[in-house]
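To start, the structure itself, in structure tokens.
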Amino acid sequence: MHYEHIEIEKKWRRIWEETDMHRTNDDTPKPRHYCLDMFPYPSGEGLHVGHWRGYVLSDVWCRHMKMKGYEVLHPIGWDAFGLPAENAAIKKKVHPAEGTMMNIKNMNRQLVEMGTMYDWSREINSSSPSYYKWTQWLFLKLYERGLAYKHEAPINWCPSCRTGLADEEVIQGKCERCGTEITKKNLNQWFFKITDYADRLLRNLEDLEWPSRVLTMQANWIGKSYGAEVIFKVKECDEELPIFTTRPDTLFGATYMVLAPEHPLVKTLTTDECREQVDEYVRKVQSITELDRLSEDKEKTGVFTGAYAVNPVNNEEVPIWISDYVLMSYGTGAIMSVPAHDERDWEFAKKFDLLIRQVILPPDGNNNLESAYTGEGTMMNSGDFDGLSSRGGFEQVVDWLAEKNLTRRQVNYKLRDWLISRQRYWGAPIPMIYCSNCGIVPVPESDLPVLLPYIENYEPTGTGESPLAAIPEFVKVKCPNCGCDAKRETDTISQWVCSSWYFLRYVSPHEDAVPFDEEKVKIWLPVDLYVGGVEHAILHLLYSRFITMVLCDAGYVDFQEPFVRLFNQGMICRRSETSGRLEKMSKSKGNIVNPDGLVERYGTDSLRAYELFIGPPEQDSEWDDSGIEGVYRWLRRVFNFVMDTKFLEGREMSREVRRYIHTTIQKVTEDIERFHLNTVISSLMECFNNLQDFNRKHPGRFYKESVEEYLRLMSPVTPHLAEELWHHLGNIDSIFNEKWPEFNSDFVKEDTMLIVVQVNGKLRDRLTVPVESNQKFVEKTANESEKVMSAIKGKTIRKIIYIPGKILNIVAN
RNA sequence: GCCGGAGUGGCGGAACUGGUAGACGCACGGGACUUAAAAUCCCGGGAACAUAAUCGUUCGUGUCGGUUCGAUUCCGACCUCCGGCACCA
């Protein structure tokens with residue numbers, strides 16, 4: 001009999017489908033487990049071996065949980081709206097609706113071929129009206145709660161995708177999707193008020209079982225800082241300039257102020273003599289891209305406005321400058337500048353020859369600074385506050401100014417509100433109506449969904465309006481309030497909104513009256529284990545947390561955090577043909593490995609096992625085709641062994657075999673639970689080598705139960721092969737309805753133990769002694785060893801260290 | 001610059017809370033089977049020295065120090081690679 005993997009795998013997939021093996025039941029007395037893969041977008045390129053990794057990982061986990069007695073919810077669906085899908089469609093000149101359907105079909109085939117246990121009856125698609133109806137509903141809920149607002153602001157604009165983007169979608173000044181440099185564009189846009197939740201989003205991080213780097217990334221992104229808002233009065237003028245500082249203890253060192261070029265008071269403050277250069281500078285700043293503005297090696301630029309402010313602590317007059325290193329979107333858009341104790345201010349002061357005054361003495365006593373000193377120290381040149389520590393000074397300066405109503409304690413966040421309008425076709429229309437009588441009117445819930453019309457010219461316009469604006473039948477509408485002619489909002493909702501609630505939809509994917517069945521949400525959520533790449537560390541994971549909190553506040557769900565445990569699988573890398581370096585697999589880098597050929601040659605089970613065997617799942621790994629050979633050999637040997645051996649009936653194992661099996665049960669179970677899937681494969685291979693050895697040495701003494709136990713252990717990794725051999729042994733029911741093997745520690749005990757004998761920490765001999773031996777006996781045996789004797793010859797024994805069952809170390813000199 | 005992660009044979013990697021470094025696999029070498037090859041099976045591989053083989057000795061987990069009877073594991077300094085963030089006052 002040959003190991004005909006193709007036929008075996010096809011056969012079992014068919015049977016599993018016919019018998020509804022992977023259907024998840026809501027009504028069950030079993031404990032429940034919700035394991036979720038991150039929402040994939042239907043890409044035309046399909047899945048490569050890098051994508052496989054995450055899906056195999058979660059599938060192995062789920063199959064193991066099922067055998068452990070859990071009712072497992074393991075659904076899948078498609079993040080089908082949005083830029084990726086639409087950009088691909090435009091490139092191939094296919095309508096996004098059709099392109100998306102084609103891609104879904106292909107990826108669906110691949111996921112099925114992987115032998116995954118998804119419950120396909122729960123498949124969802126974020127671009128279907130039955131889904132996006134509820135994305136629109138979500139928008140209305142946020143609007144009702146004052147968390148969705150329209151606002152004109154200079155937003156991130158991608159000239160290539162021709163749409164606005166959220167801050168989170170701009171990576172180092174470039175578009176997250178296409179890499180084009182981002183510019184600013186003033187547009188009237190819809191935002192979600194995620195900043196209202198900044199503090200909760202930060203605090204709740206403590207309770208999450210997430211990789212620490214993701215927690216750190218989120219905390220940094222939220223960027224909470226404690227400080228004070230201090231008011232500087234403008235000289236000879238009624239205007240006030242509030243600034244935010246985290247270092248009120250350095251106020252006496254504030255020798256000038258800087259406003260963002262976009263600051264509303266720039267026009268008012270600028271003197272006639274300076275107006276020309278200020279106007280020119282403002283124009284220049286507006287014209288450069290975000291990337292250039294942020295670039296690190298850029299020299300500081302700026303101009304003097306001609307105006308002066310008064311430093312509230314010492315009534316000193318300080319010049320007011322403008323510079324693009326001050327951002328309008330953080331704090332108040334204005335800063336006090338303390339060049340002696342801030343690197344950026346130092347650089348600026350040096351360049352424009354502004355006064356630098358040291359007000360903090362470092363612990364080393366240096367009072368002649370050659371660069372900004374940003375640490376803590378003792379206050380100096382600070383009037384009555386001299387001699388106070390930075391910390392004490394912070395409090396006292398604030399208290400003193402607060403009495404004069406010139407300051408208050410203040411917490412600031414880097415997090416900005418979430419821009420969700422997209423000037424693109426392929427998304428859920430924002431369910432809002434503009435009426436000349438009533439203003440902004442939400443579409444009544446009963447009118448949802450606002451259907452996305454099927455149009456021929458869906459390409460982005462670049463005018464700042466979506467292609468929908470050119471469709472009169474879409475735009476024209478009656479005001480739901482007064483019945484007059486009104487206009488629809490024509491922007492669409494960012495796909496990140498679609499994916500920030502999808503995990504709720506899986507519990508009741510066909511529900512028509514509500515977005516999700518609240519009772520079912522109660523029994524299944526929050527998600528117990530979320531598996532996906534680290535690339536979503538900020539974007540998707542932050543948005544989903546926010547949306548869940550809002551739904552919790554609104555009483556739709558009873559938990560704040562959607563994902564209890566998160567596992568990030570490492571990327572599969574390969575040398576890129578273009579750069580020659582190890583890089584993440586992607587079509588553009590030309591380093592893709594297509595799984596289809598490998599599946600044909602070695603089978604799905606081999607590829608599944610190899611995806612795990614390649615390395616620790618949380619780390620990046622380099623792909624190497626040749627390694628799969630070894631995994632394939634193992635599976636074929638198992639197949640041949642089971643097919644060719646005549647096993648003894650009866651539920652009994654020989655002692656030696658039982659020890660191998662139980663050692664492996666323990667190891668495999670522990671390793672799956674710790675996600676060490678690579679060593680799961682090693683131990684399964686090792687165990688099989690031992691079993692086969694035993695069978696060669698003692699032919700005809702192998703019990704069926706032993707193989708069955710082994711097959712159970714293999715089954716999450718190689719489901720098809722395990723199922724085939726399971727049935728070959730005469731079992732009728734599926735192996736996945738079996739229980740996970742129980743480990744029994746009595747069965748791994750041996751009669752003897754190995755004691756390593758060291759002299760001065762160096763290995764000298766290995767002793768095999770009965771397990772019940774005490775230290776005295778071990779010492780005596782060691783003393784009889786020639787190797788040990790020669791090592792301690794002529795030396796005095798100073799100390800003996802004995803670790804029971806492990807080691808005996810003799811210290812002698 | 002700041003914050004993470006990593007550095008172990010020719011290669012991927014293993015070693016749970018300090019206790020036999022190199023499990024498992026790839027590639028390689030030798031052998032068996034074969035007319036031959038492929039496939040399969042068996043055996044062997046960290047390095048150096050030594051030896052006719054064996055026995056053996058020394059070195060060895062990025063570098064240099066430290067703690068310890070004992071360090072891939074803990075501490076300190078540094079080097080390299082990868083990832084994230086980056087004018088957030």
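Residue numbering restarts at 1 for every chain, and letters A, B, ... go by the order of the sequence lines.
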Below 4.0 angstrom from OP1 or OP2 of B:A27, is there any side-chain N or O of A:Arg633?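 A:Arg633 to B:A27 OP1/OP2: side-chain N or O found under 4.0 Å.
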Below the 4.0 Å mark, does B:A89 have OP1 or OP2 next to a side-chain nitrogen or oxygen of A:Ser225?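 Yes, because at least one side-chain N or O of A:Ser225 sits under 4.0 Å from OP1 or OP2 of B:A89.
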Using whole Å, report how far [atom1] of [X] lies from [atom2] of [N].
X	N	atom1	atom2	result
A:Ile222	B:C85	CD1	P	15 Å
A:Arg696	B:C43	CZ	P	8 Å
A:Leu684	B:C24	CG	P	14 Å
A:Tyr413	B:A89	OH	P	13 Å
A:Glu629	B:U40	CD	C1'	12 Å
A:Arg601	B:A39	CZ	P	10 Å
A:Trp634	B:U40	CH2	P	17 Å
A:Met217	B:G83	CE	C1'	8 Å

RNA chain B base-pair string [pairs: Watson-Crick or G-U under 3.5 Å; |: paired with another strand]: (((((((..(((......[....))).(((((.......))))).((((......))))..(((((..]....))))))))))))....
At under 4.0 Å between heavy atoms, which parts of nucleotides 11-18 of chain B does protein reach? Answer with one letter per nucleotide, 5' to 3': B base, S sugar-phosphate only, - none. -BSS-S--
Within residues 669-681 of chain A or reaching into it, pairs that qualify as salt bridge (Lys or Arg N to Asp or Glu O under 4.0 Å) - sequence neighbours excluded: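 As it turns out, the salt bridge (Lys or Arg N to Asp or Glu O under 4.0 Å) pairs with a partner in residues 669-681 of chain A, which skip direct neighbours, are A:Lys68-A:Glu673, A:Lys667-A:Asp671, A:Asp671-A:Arg674.
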Out of B:C24, B:C69, B:C3, which nucleotide sits closest to the side chain of A:Asn809?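 Nearest to the side chain of A:Asn809 among the choices is B:C69.
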Span that lies between the [atom1] atom of [M] and that of [N], in whole angstrom:
N	M	atom1	result
B:U20	B:G60	C1'	15 Å
B:U73	B:U54	C1'	35 Å
B:C11	B:G22	C1'	13 Å
B:A50	B:C55	C1'	11 Å
B:U34	B:C28	C1'	23 Å
B:G18	B:U67	C1'	12 Å
B:G12	B:A23	C1'	13 Å
B:A48	B:C41	P	31 Å

Here's a test of your reading of the structure: between A:Val534 and A:Gly331, which maps to the more 5' nucleotide of RNA chain B?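 Its nearest nucleotide lies further toward 5', so the answer is A:Val534.
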Please figure out whether A:Ser626 or A:Thr245 has its closest RNA chain B nucleotide nearer the 5' end.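 The residue mapped nearer the 5' terminus is A:Ser626.
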With a 3.5 Å distance limit and no angle check, can you tell me whether [X] reaches the backbone of [Y] through a side-chain donor-acceptor pair?
X	Y	value
A:Asp345	A:Val338	yes
A:Asp417	A:Thr195	yes
A:Asn678	A:Ile614	no
A:Lys300	A:Lys351	no

Do the two ring centres, one from A:Phe348 and one from A:Tyr256, sit under 6.0 Å apart?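 Ring centres of A:Tyr256 and A:Phe348 closer than 6.0 Å.
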Is the A:Phe394 to A:Tyr226 ring centre distance short of 6.0 Å?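 Ring centres of A:Tyr226 and A:Phe394 not closer than 6.0 Å.
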For [X], look at atom [atom1] and say whether over 12 heavy atoms of other residues, nucleotides or ligands are found less than 6.0 Å away.
X	atom1	answer
A:Arg416	CZ	yes
A:Glu395	CD	yes
A:Glu343	CD	no

Would you classify [X] as touching base, sugar-phosphate or nothing, given that sugar-phosphate means primed atoms plus P, OP1 and OP2, and contacts are heavy atoms under 4.0 Å?
X	value
A:Arg213	sugar-phosphate
A:Glu686	sugar-phosphate
A:Leu754	base
A:Ser329	nothing
A:Arg798	nothing
A:Arg636	sugar-phosphate
A:Val756	base
A:Asn689	sugar-phosphate

Can you tell me whether the base of [N] sits syn or anti, using the 90° cut around 0 to define syn?
N	value
B:A53	syn
B:G9	syn
B:G45	syn

Is there a side chain to side chain contact (heavy atoms under 4.5 Å, CB included) between A:Phe675 and A:Leu677 once you walk through the steps? CA-CA 5 Å; A:Phe675 267 88; A:Leu677 282 312; 3.8 Å; yes
Are a donor atom and an acceptor atom from the side chains of A:Tyr330 and A:Ser225 found within less than 3.5 Å of each other?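 Yes, side-chain donor-acceptor contact under 3.5 Å.
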